Enquirer: 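Supplied in structure tokens, the structure appears directly below.
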Number of protein chains: 2
Amino acid sequence: MDQRRKPPTIQDVARFARVSTATVSRALSRPERVSEETRARISEAVQLTGYTLNQTARSLRQRTSNTILVAIPDIRNSFFSEILDAIEREAAIRGYGVLIANLLIGEEPVKRLQQYFLSHRADGLVLLDGTIDIKQLREITAANVPVPLVIACEAIPNSEFHTVVTDNETASERATRHLIELGHTRIGHLKGPKNNIIADHRLSGFTAAIKSADLEFHPEWLFDGGFRMDEGVGAAEQFLRLEDRPTAIFAINDESAIGFVSRLRAAGIECPRDISVIGFDDLEIASHFAPPLSTMRQPREELGHMAAAALIDYLEGDRDDSKAKTIALRSELIERASTLRVQ
Amino acid sequence: MDQRRKPPTIQDVARFARVSTATVSRALSRPERVSEETRARISEAVQLTGYTLNQTARSLRQRTSNTILVAIPDIRNSFFSEILDAIEREAAIRGYGVLIANLLIGEEPVKRLQQYFLSHRADGLVLLDGTIDIKQLREITAANVPVPLVIACEAIPNSEFHTVVTDNETASERATRHLIELGHTRIGHLKGPKNNIIADHRLSGFTAAIKSADLEFHPEWLFDGGFRMDEGVGAAEQFLRLEDRPTAIFAINDESAIGFVSRLRAAGIECPRDISVIGFDDLEIASHFAPPLSTMRQPREELGHMAAAALIDYLEGDRDDSKAKTIALRSELIERASTLRVQ
DNA sequence: CGGCCGCATGCAATCGATTACATTGCTCCC
DNA sequence: GGGAGCAATGTAATCGATTGCATGCGGCCG
């Protein structure tokens with residue numbers, strides 16, 4: 001009977017309510033511009049027909065898609081998926097859809113992102129990937145279509161982009177100082193990926209703390225790692241090859257810290273008995289790991305929330321570009337059992 | 001100069017190539033229907049103008065969005081985010097965008113999903129959530145618009161839906177049997193959420209194994225849990241209140257197993273010394289946890305890949321609904337240190 | 001009383017593609 | 001030689017909403 005009947009359009013509603021489609025459209029988007037009486041008739045007609053807006057048609061006419069694109073370096077990393085979660089929440093509340101683009105794949109991430117905007121699939125972009133550099137960003141923006149953009153991974157100094165960040169550098173300094181305060185003097189760092197802004201800033205924070213405590217800087221105590229557990233494992237193997245080892249490590253994040261600790265344990269080196277390790281992020285696993293991991297807690301949820309809100313505000317506001325806003329969030333030291341006072 | 005210039009349309013290309021828009025459209029989508037010469041002129045014009053398709057306009061006309069929707073119970077769970085990753089990969093290759101809907105939030109998840117289709121934002125749905133029941137699913141489909149759907153969490157018996165599943169029941173039986181083979185006779189189960197198909201099937205598998213080994217079934221050894229670590233912690237507290245405790249646990253998944261083990265450790269009960277625990281999923285963390293977790297490995301990547309492929313095949317094929325296809329994938333027992341032979 | 005204003009509404013163009021149908025010109029075959 | 005058949009292309013309708021520009025009408029003011 002009613003199967004495959006085409007979904008009702010604004011035309012149907014107009015017919016039922018005995019008004020023009022223009023009036024229906026107005027009644028739905030700016031009710032105050034329509035008399036109370038017809039408004040009532042129209043909403044009755046909407047009920048009756050079961051009308052819902054065809055978003056595609058609106059997009060075509062208004063040149064907006066009510067969709068934002070989130071570019072993520074690696075969805076599988078819980079850190080990002082939690083931010084993504086917060087972004088989706090906020091977007092849903094405000095009537096936006098969320099498209100995802102996982103950048104690990106494909107050549108030319110920039111091309112892929114541009115494509116979304118050139119084809120009018122998304123109105124704006126939340127960028128979580130610290131590996132894209134400014135020049136590439138400008139390229140995205142440079143295409144005929146300017147791309148409303150919020151960077152939500154790391155501040156890019158003096159940039160013209162809106163930004164939501166945590167205090168990576170200061171927080172890294174704080175984490176390292178925590179190790180120093182526990183009496184450690186031989187401190188290493190498990191580095192993040194190359195050419196990644198976040199990694200760069202965390203390294204700076206680490207170095208700053210070492211310097212200001214007048215500790216000697218050992219380049220061989222900088223371990224090549226990354227944000228993933230297996231990269232933490234790799235760093236551990238590099239560590240094991242050393243003769244002269246540090247007694248404490250500041251790891252780029254919790255995942256790599258976990259990989260690191262677990263690999264060392266397999267080699268008979270126990271954390272925190274033989275080595276103290278502090279991570280970054282405070283993933284849920286951090287508190288359940290053995291040993292529970294000291295770490296810098298990032299306000300992930302807030303980060304995602306603010307990023308989405310900032311982008312949508314901008315999209316719906318007057319797009320005053322004059323000032324790029326920067327919202328900075330603070331991380332917090334969480335002390336757990338993985339860092340131990342030197343005897 | 002060239003700023004804010006409107007992006008080129010198919011009209012512009014047509015003008016440059018001195019043909020009609022119809023010809024341009026044909027040249028781009030079905031090149032063989034256009035003479036070689038004009039095809040060349042057109043592709044030159046495309047280059048010149050920098051034309052890219054306006055996906056919105058196409059969507060409106062063709063009534064397809066080239067977008068799929070992925071409904072996820074909890075993005076933050078690595079298990080799902082890994083599947084999502086695989087879905088996105090496959091979709092990107094085939095030219096589809098991926099919208100996400102995190103179902104934890106909001107009233108009436110079904111309403112939310114319907115909304116996406118009623119508004120023509122997505123062409124099809126991959127459902128990862130085992131908590132929606134069939135009646136609700138039918139509701140999604142029952143709206144005027146039929147919703148192409150692939151269920152990728154659990155088979156729904158005799159259902160009319162396309163499905164990609166792992167063998168939850170058999171695998172759970174296998175996991176439990178693993179504990180039995182190690183000599184355990186006092187075995188409990190850390191349950192999943194109520195009204196969740198996956199959880200139901202894993203429980204059945206567990207019970208089946210217990211029965212077929214002629215072990216006594218202890219209802220008080222079924223612990224209320226869920227898929228999250230904190231729910232594993234809750235289950236551990238329930239465990240601690242028992243006088244008469246099991247010596248082995250089959251947990252609904254790795255995350256809850258981790259929460260469980262970590263809470264017990266805090267109470268002085270060590271895994272595997274005092275209790276053996278096996279999980280499900282083989283998350284990356286499972287192998288790095290202390291102790292490394294025995295578990296049933298699910299082919300997550302394949303699962304996501306197959307689900308996306310099946311959906312897109314269906315969308316692009318002749319939509320032969322006559323037979324709902326079911327693709328079943330096998331899980332694999334991974335033995336690690338968290339399960340120990342009874343002395 | 002006449003003109004102006006503003007409210008509520010309608011008419012029709014518009015967004016940018018796709019596609020049914022029409023047209024043209026050519027080949028081929030009886 | 002005439003018509004069928006086909007390939008290449010054009011014309012214009014169409015998808016479903018939004019919105020600039022009328023239009024009609026009533027009220028208010030000088």
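Quick caveat, the model's predicted, so the values are computed rather than measured. Lettering follows sequence order; numbering is per chain, from 1.
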Enquirer: Counting the atoms with a prime plus P, OP1 and OP2 as sugar-phosphate, which does A:S59 contact under 4.0 Å by heavy atoms, base, sugar-phosphate, or nothing?
Expert: nothing
Enquirer: What's the separation between atom CD1 in B:I68 and atom CD in B:E88, rounded to the nearest 0.5 Å?
Expert: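 The distance works out to 9.0 Å.
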Enquirer: Between A:T326 and A:H162, is the side-chain contact (heavy atoms from CB on, under 4.5 Å) condition met? List the steps.
Expert: CA-CA 6 Å; A:T326 294; A:H162 297 269; over 6 Å; no
Enquirer: Rounded at 0.5 Å granularity, tell me how far OH in B:Y96 sits from CD in B:E316.
Expert: 3.5 Å
Enquirer: Check the surroundings of atom CD in B:E36: do more than 12 heavy atoms from other residues, nucleotides or ligands lie under 6.0 Å from it?
Expert: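 Open: at most 12 neighbouring heavy atoms sit under 6.0 Å from CD of B:E36.
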Enquirer: Counting only heavy atoms not in A:E37, do more than 12 sit closer than 6.0 Å to its CD atom?
Expert: no
Enquirer: Report the distance from atom CZ of B:R18 to atom P of D:dG10, rounded to the nearest whole Å.
Expert: 11 Å
Enquirer: Please write out the pairs of protein N or O atoms and N or O atoms of nucleotides 16-20 of chain D separated by less than 3.5 Å, giving the distance to one decimal.
Expert:
unit_1: D:dG16; atom_1: OP1; unit_2: B:R63; atom_2: NH2; d: 2.5
unit_1: D:dG16; atom_1: N2; unit_2: A:A57; atom_2: O; d: 3.4
unit_1: D:dA17; atom_1: OP1; unit_2: A:Y51; atom_2: OH; d: 2.9
unit_1: D:dA17; atom_1: OP1; unit_2: A:N54; atom_2: N; d: 3.1
unit_1: D:dA17; atom_1: OP2; unit_2: A:I10; atom_2: N; d: 2.2
unit_1: D:dA17; atom_1: O5'; unit_2: A:Y51; atom_2: OH; d: 3.3
unit_1: D:dT18; atom_1: OP1; unit_2: A:R58; atom_2: NE; d: 2.8
unit_1: D:dT18; atom_1: OP1; unit_2: A:R58; atom_2: NH2; d: 2.9
unit_1: D:dT18; atom_1: OP2; unit_2: A:S25; atom_2: OG; d: 2.6
unit_1: D:dT18; atom_1: O2; unit_2: A:R61; atom_2: NH1; d: 2.3

Enquirer: Check the distance between C:dA8's P and A:I42's CD1 and give it to me in whole angstrom.
Expert: 13 Å
Enquirer: Has B:S35 got a side-chain N or O lying under 4.0 Å from the OP1 or OP2 atom of D:dA7?
Expert: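 So the side chain of B:S35 is outside the cut-off, no N or O lying under 4.0 Å from OP1 or OP2 of D:dA7.
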Enquirer: How many whole angstroms separate atom CZ of B:R33 from atom C1' of C:dT19?
Expert: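 To the nearest whole Å, that distance equals 10 Å.
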Enquirer: Indicate whether any N or O donor in one side chain lies under 3.5 Å from an N or O acceptor in the other, for A:S81 and A:S78.
Expert: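 No pair is found: no donor N or O on one side chain lies under 3.5 Å from an acceptor on the other.
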